[in-house]
Amino acid sequence: MFDYIIVGGGSAGGVIANRLSENSNNKVCLIEAGSADRSLLVSIPGALGAHMFVRKFNWMFRSQPDIGTDQRGHLCPRGKGLGGTSSINGMVYTRGHSSDYDNWEALGNPGWGFKDVLPLFKKSEDNENGAGGYHGTGGLLPVSNVDKNYYKLEDIFIKASQEAGVPFRDEFNSDKLEGVGNYQFTIKNGQRAGVRKSFIDPASTRKNLTIITEAHATKILIENKKATGIQYQQNGELKEVFASKEVIISGGAFNSPQLLMLSGIGDKDELAKFDIDCVCDLKGVGQNLQEHPTISIIFNSLKKDGYSLALGALATRMKEAIQFALGKKGPLRHSLPKVGGYLKTAEDIDVPDIQIHYIPTMLADHGLNVDLLMQHGFTAEINVCRPKSLGSVTLRNAKPTSDPLINLNLLDDPYDVDVLVKGVKKIREICNMPAYNKHKGEEISPGKDSKTDEEIAQAVRENAAHVYHPVGTCKMGNDDMAVVDASLKVIGIDSLRVADASIMPVIISANTNAPTIMIGEKASEMILADA
Ligand SMILES: Cc1cc2nc3c(=O)[nH]c(=O)nc-3n(C[C@H](O)[C@H](O)[C@H](O)COP(=O)(O)OP(=O)(O)OC[C@H]3O[C@@H](n4cnc5c(N)ncnc54)[C@H](O)[C@@H]3O)c2cc1C
């Protein structure tokens, strides 16, 4: 028997476990499906892709084919183990635009406007640039700058952007987003500062926090419309734990709705298909899935000035590995997309509609295209900031350990295609600037044959992917499709909250880790205030 049970030790769940157990009177239990094992590669920022295809640390879901992306399904990586997806992510620290949160509030979620959430972002933060209007220091989450760009192609993109009239920017968390420069990262002294290291490890020795790993939650135990505990599977055995105060579901945008549905919370007709008794008829569970669709504009380079796995570059790669091993120096102390920013595809829009992650290597198919990796070149990955397509997560079957059925439905809405087409043209404009003269070779993708808008749109459909930011499947609000209210309580069930990326009613214009950590902070404050 505990006071609180949290399912999922990821970006939100790890924060909640820490904050609730700060008070030694609270008996807290954290249940995590993945293991407590540490991988050396997790802590090396430059090795961020290492767990893209490792099932031990990654759920490696696969989505259903999308009509919008030419009937292709997509890899949906999600971190598994303490730290969740913050252990495999790109570590970019961004929050989006203030209007993203003001929009959440306007949609019926009091207390979620930017003025309300900014103090929570600052509370988590220990920002290298010091405290100020938008940043905090002394928090548990290190946020640091890039010390320098190690590959020439990175500075060239910044210079070419300025030549094309895009302002330089090195602060992507203020009220102004437009511009290109270096992001900030959740990295400290050349080591990943994920939620495990920053929030779970410091709390793990507290006597009032019990962490149960390799424990797959299979059902929320509910009596008389009140959550009383969690059933989980460990080593093939079904076990139960109970909560006297609250159960908090933080399994992420794919797993949280799945667990709710397995427990009888969801659309009645949908549950009936799997002979699951409906405890609470909430038709929004698993709906409203939003994700940032992306297209990569890939060029080869006339020079050997980026990151390549070409045989001739292996000595340099070896040198970088030694530099890192000996003193955490060199490019491996940073993530791969150090440079990026935001663009407006039209003059008359207020907030940029395109985000860029610029990578000084030729990257396609989640890094599986080894042919490209062995050449020299660069990739500008652009994504729609506020896409309009909506997907869903449903049950594949009633077996709790089956993967959920994910329908990303990328590019279903023509707006999303249109923004990407305009974005491709913007990036081409930048890459045609003088800064690139001696460097840029041929455009490999979408390629020189995609000239007209229709041709570019077709190339977008054939090659688009996503940037691993699923949100919205247990959305907060007060309409018919809302799953939780503004205090993250599941509508119609007592003592049960959802707190993770799934509660975002609308996707924000940026990477989703910091906002999910903020959701963890806000959930903790609300839970503790209620107690
Ligand atoms: C490859 C990649 C790169 C990314 N790069 C960035 C980036 O650079 N910057 C950024 O801001 N964002 C990035 N993101 C996105 C960001 O990391 C996520 O949005 C965020 O971590 C989601 O947090 P969450 O708490 O919702 O879920 P998660 O962090 O995924 O946590 C969910 C946890 O619940 C556990 N769990 C699930 N189901 C169960 C169950 N039934 N029982 C027990 N435990 C369960 C999981 O194992 C996991 O540990 C990236 C994502 C990926 C995949």
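Indexing begins at 1, ligand by ligand and atom by atom, following the structure's order.
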Check against ring pair (Phe, Tyr, Trp, His ring centres under 6.0 Å), Y358 and F378: CA-CA 8 Å; Y358 179 84; F378 60 93; 5.7 Å; yes
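- Nearest-residue assignment for atom 39 (C) of ligand 1 (options A33, S335, G8; heavy-atom criterion): A33.
- Using modelled atom types, one finds no donor on one side chain facing an acceptor on the other under 3.5 Å when comparing E291 with H469.
- One N or O on the side chain of R206 and one on the backbone of N18 form a donor-acceptor pair closer than 3.5 Å.
- No hydrogens or angles considered: nothing links the side chains of N407 and Q64 as a donor-acceptor pair under 3.5 Å.
- Enclosure of atom NZ in K328 is not indicated, since only 12 or fewer non-hydrogen atoms of other residues, nucleotides or ligands lie within 6.0 angstrom.
- Atoms of ligand 1 found under 4.0 Å from any heavy atom of M91 (numbered from 1 in listed order, with element): 7 (C), 8 (O).
- The closest approach between a heavy atom of L259 and any atom of ligand 1 is not below 4.0 Å.
- Ligand-side atoms of ligand 1 in range of A215: 42 (N), 43 (C), range being under 4.0 angstrom from any heavy atom.
- For the pair W59 and ligand 1, a heavy-atom separation below 4.0 Å is found.
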Trace of the side-chain hydrogen bond (donor to acceptor under 3.5 Å, both in side chains) decision for N145 with N182: CA-CA 8 Å; N145 298 318; N182 282 115; over 6 Å; no
S98 vs D175, side-chain hydrogen bond (donor to acceptor under 3.5 Å, both in side chains): CA-CA, chis, key distance, verdict: CA-CA 6 Å; S98 57; D175 229 18; 2.6 Å; yes
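- Against a heavy-atom cut-off of under 4.0 Å, H216 is close to the following atoms of ligand 1: 41 (N), 42 (N).
- Taking atom 1 (C) of ligand 1 as the reference point, the nearest protein heavy-atom neighbour is Y468 CD1, 3.4 Å.
- Taking each of I16, N58, N89 in turn, the one with a heavy atom nearest to atom 50 (C) of ligand 1 proves to be N89.
- Residue S502 places no N or O, backbone or side chain, under 3.5 Å from any N or O of ligand 1.
- Contact annotation: G81 has at least one heavy atom less than 4.0 Å from an atom of ligand 1.
- Distances below 4.0 Å separate heavy atoms of R78 from the following atoms of ligand 1: 51 (C), 53 (C).
- Residue contacts with ligand 1, taken as heavy atom pairs separated by less than 4.0 Å, involve T516 solely via side-chain atoms from C-beta onward.
- Between N89 and R192, the side chains place a donor N or O and an acceptor N or O closer than 3.5 Å (distance only, hydrogens not considered).
- Interface atoms of ligand 1 facing G79, defined by a heavy-atom separation under 4.0 Å, are 46 (C), 47 (O), 48 (C), 49 (O).
- Listed by number with element, the atoms of ligand 1 under 4.0 Å from a non-hydrogen atom of N255 are 37 (C), 38 (N).
- Residue G84 approaches ligand 1 through these ligand atoms, each under 4.0 Å from one of its heavy atoms: 29 (O), 48 (C), 49 (O).
- With a 4.0 Å cut-off on non-hydrogen atoms, S11 touches ligand 1 through its backbone as well as its side chain.
- Side chains of Q231 and T218: a donor on one and an acceptor on the other come within 3.5 Å.
- Between the side chains of H357 and N511, a donor-acceptor pair is found at a separation under 3.5 Å.
- Comparing G83, A12, P515 by heavy-atom distance to atom 25 (O) of ligand 1, the nearest is A12.
- Between G520, S250, G252, G14, it is S250 that holds the heavy atom closest to atom 33 (C) of ligand 1.
- Other residues, nucleotides and ligands place more than 12 heavy atoms under 6.0 Å from the NZ atom of K239.
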Stepwise ring pair (Phe, Tyr, Trp, His ring centres under 6.0 Å) check, H51 with W59: CA-CA 10 Å; H51 294 123; W59 292 81; over 10 Å; no
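- At a 4.0 Å cut-off, not a single heavy atom of G13 sits close enough to ligand 1 to count as contact.
- When hydrogens are left out, the protein atom nearest atom 29 (O) of ligand 1 is T85 N, 2.9 Å; that is the closest non-hydrogen contact.
- Annotation: atom 15 (C) of ligand 1 to nearest protein heavy atom, T512 OG1, 3.4 Å.
- Side-chain atoms of H74 and D66 form a donor-acceptor pair, as typed in the model, at a separation below 3.5 Å.
- Among all protein heavy atoms, the one lying closest to atom 49 (O) of ligand 1 is E32 OE1, 2.6 Å.
- Between the side chains of R386 and S509, a donor-acceptor pair is found at a separation under 3.5 Å.
- Some N or O of A501 is nearer than 3.5 Å to an N or O of ligand 1, by distance alone.
- Taking every heavy atom of V7 and a limit of under 4.0 angstrom, the matching atoms of ligand 1 come to 42 (N), 43 (C).
- Proximity of P400 to ligand 1, defined as any heavy-atom pair under 4.0 Å, is not found for any part of the residue.
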